[in-house]
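Only heavy atoms go into these numbers, but all of them, side chains included; no hydrogens, no water, no symmetry mates. In this text the structure is predicted, and so the values were computed from the model without any measurement.
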Amino acid sequence: MPSQQPDIRVREDLRNVAIIAHVDHGKTTLIDGLLRACGAFRENEAVEERVMDSGDIEKERGITIQSKTTAVDYEGLRIQLVDTPGHADFGGEVERVLGMADAALLLCDAYEGVMPQTRFVLRKALAHGLRPILVVNKIDRPEERAEEVVNEVFDLLVELGADDTQLDFPVVYASAKHGISSTEYGGEMKDLIPVLDTIVRHVPPPRVDEDAPLQFQAVTLGYDSFVGRLVIGRVARGRMKRGATVIRIPEEGSPNSFRITKLFGTLGTQRVDIEEARAGDIVIVAGVDSIDVGDTVCDPGHPDPLPRIAIDPPTIRIHLSVNNSPFAGRDGKYVTSRQIGERLDREGMSNISVVIERTEKLDTFAVSGRGELQLAVLIETLRREGYEFAVSRPEIIVKEVDGQRCEPVEEVVADVPESAAGSVMEKLAQRKGRMETMEHNGDRVQMRFIVPSRGLFGYRGEFLTDTRGEGILYRTVQGFEPLAGDLPGRGVGPLVCTDQGRTTPHAIFKIQERAMLFVPPSVDVYEGQIVGESRRQGDLNVNLTRAKKLDNMRASGRDENVIITPYKKLTIEEALGWIEDDELLEVTPVELRLRKRELSRSFRKR
């Protein structure tokens with residue numbers, strides 16, 4: 001019997017577009033402007049900035065961590081937008097959502113131009129066959145160089161092997177913050193309607209078979225306290241109906257069936273109930289108890305899985321273990337290896353760029369990711385959920401390439417004042433970095449380096465110190481190169497507490513001239529806890545719990561005025577970059593503490 005020919009039709013009522021860019025080039029701000037331009041908000045509605053960044057950590061850091069979808073209605077069309085992260089550490093989010101789009105809206109800063117993550121996201125978009133639409137954002141900056149930026153993007157597309165259609169990209173000049181744009185450089189800037197018109201004109205409508213059996217791939221997972229696990233993806237073929245019974249095809253094992261209890265679409269910032277989704281629609285499905293990213297949902301009579309989503313492998317690894325310090329269990333709600341392991345397994349299912357592995361020790365888990373920021377966000381998420389654990393120093397994942405042991409290297413772009421360029425070059429050269437380019441822009445210098453990933457552990461704080469807070473540092477994984485050899489150590493030593501108790505101003509006053517402290521007065525510390533940074537290498541044992549001896553004798557100079565220097569409160573990223581192999585970061589919902597692996601002073605001597 002001859003096979004039925006697919007009935008491919010063009011859905012002229014729909015456009016699917018992903019918004020991609022380097023970090024801080026204005027993706028989420030542009031979506032705010034597009035929602036306003038399409039009337040997604042009432043005139044009297046109070047709307048936060050970057051409305052798509054809904055997570056607490058996203059709002060605090062001002063970055064996008066998870067990709068999100070929304071939709072707007074414009075001139076009778078439904079435009080479905082996918083907001084993606086800009087940081088290289090969250091590149092896995094970009095890779096997995098590009099398959100839902102038919103074109104990519106590429107944002108470039110009118111001054112910064114092409115940056116490391118621009119190259120990464122554009123390469124992934126071209127690999128999916130997407131045509132770029134360039135939006136030169138922040139055109140209102142006095143130092144803008146929009147015409148040069150357009151040429152840089154063209155050169156990058158040529159370098160990445162784009163075809164003639166992709167090279168003939170439309171350009172829109174915009175200021176997303178002020179909600180204005182124009183298709184002509186120097187033309188009249190009114191609203192963001194030119195961006196929407198360009199999307200309608202140049203994003204190809206989906207070509208789909210609506211009458212074929214259902215095919216839907218899980219791209220992102222979420223959770224709702226009312227309807228349970230949520231699955232976000234695009235209907236690749238056929239129709240999906242609420243109440244229908246479908247099957248899930250996992251990577252391994254036999255298919256299992258479930259009933260679609262709820263089906264949602266998006267419009268503006270709202271999630272809307274729908275009865276049916278057609279091929280090409282991006283929808284949210286509820287009703288499945290267990291599903292992994294990349295699984296295919298099909299019609300029970302036609303189990304036809306889609307290819308799995310492939311992403312780049314992780315480059316660094318940390319080890320999470322049960323907290324065994326004297327203060328274990330004081331703050332945390334979940335402290336056992338079983339609870340930590342179950343939570344990490346859930347993370348591995350929903351975030352495929354993070355790899356969770358068991359180790360020989362039952363209370364230790366290996367967690368691999370794309371960078372320090374991604375792992376720091378995971379650690380911060382766990383501690384806010386009430387977990388308590390210890391974290392080891394990050395280590396690189398070595399890979400065999402053509403019989404050689406290779407390590408991950410990163411492209412680093414440093415934009416610094418001219419006076420600080422020398423110290424930045426010197427520090428990165430010590431960390432086995434090599435300079436690729438150097439450009440002068442007025443009184444600032446932009447330098448590009450290739451540096452081993454392990455050479456950048458803990459460098460950001462040093463960089464900000466060298467540039468007096470005026471430097472900007474961007475980095476993205478470039479690939480793998482042969483091992484660069486030994487790198488210099490930390491250069492400073494830890495202050496290690498010798499007694500358990502409460503820190504006193506008297507003890508801190510005596511030591512603060514020779515060290516930078518990590519703890520304030522009147523906090524509990526224990527033996528083996530690292531309480532500061534010594535100016536010399538090697539451990540320096542101190543007793544910060546020593547109280548002033550009181551007697552009834554008075555003498556000149558006895559009652560000196562105790563003035564305490566402010567202590568340095570480390571962030572998770574700073575702590576991960578500071579610790580050495582024999583040290584751990586203790587993470588609780590309330591405190592971050594540095595400590596030695598071996599707490600006892602006498603055992604460490606052995």
Open item on the list: I'd like to know whether CZ of R468 has more than 12 heavy-atom contacts from other residues, nucleotides or ligands below 6.0 angstrom.
Closed with: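 Not more than 12 within 6.0 Å, no.
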Is a donor from one side chain sitting under 3.5 angstrom from an acceptor on the other, for [X] and [Y]?
X    : Y    : value
E112 : H25  : yes
Y173 : N137 : no
D109 : H22  : no
E411 : T476 : no

Open item on the list: Apply side chain to side chain contact (heavy atoms under 4.5 Å, CB included) to residues I133 and L106 and explain how you reach the verdict.
Closed with: CA-CA 6 Å; I133 296 172; L106 174 68; over 6 Å; no
With side chains defined as the heavy atoms from C-beta onward, is the minimum distance between [X] and [Y] less than 4.5 Å?
X    : Y    : result
L382 : V587 : no
I379 : I318 : yes
Q166 : P132 : yes
V235 : Q215 : no
L98  : L130 : yes
V82  : I282 : yes

[Y]/[X] salt bridge by N-O under 4.0 Å criterion:
X    : Y    : value
R234 : D102 : yes
D211 : R9   : yes
E12  : R207 : no
K68  : D83  : no
R119 : E159 : yes
E439 : R444 : no

TODO: Test side chain to side chain donor-acceptor pair (under 3.5 Å) on D197 and Y74 and set out the steps.
DONE: CA-CA 9 Å; D197 287 339; Y74 177 67; 2.5 Å; yes
TODO: Sequence neighbours left out, what passes side chain to side chain donor-acceptor pair (under 3.5 Å) with S353? Give chain and number order.
DONE: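 S353: side chain to side chain donor-acceptor pair (under 3.5 Å) contacts with N351, Q374.
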Going by atom type alone, with no hydrogens or angles, which donor-acceptor pairs under 3.5 Å involve a side-chain atom of residues 183-191 and a protein atom two or more places apart or on another chain?
unit_1, atom_1, unit_2, atom_2, d
Y185, OH, E144, OE1, 3.4
Y185, OH, E144, OE2, 2.9
D191, OD1, I193, N, 3.2

Quick one: does [X]'s side chain have a donor or acceptor within less than 3.5 Å of a partner on [Y]'s backbone?
X    : Y    : value
R145 : Y111 : yes
R460 : F457 : no
E410 : S453 : no
T315 : R370 : yes
T29  : G26  : no
T296 : L306 : yes

TODO: Show the numbers, then the answer: is there a side chain to side chain contact (heavy atoms under 4.5 Å, CB included) between Q217 and D295?
DONE: CA-CA 6 Å; Q217 188 164 43; D295 287 355; over 6 Å; no
Task: Sole candidate of Q80, R78, R11 that passes side-chain hydrogen bond (donor to acceptor under 3.5 Å, both in side chains) when paired with N16 - done: Q80
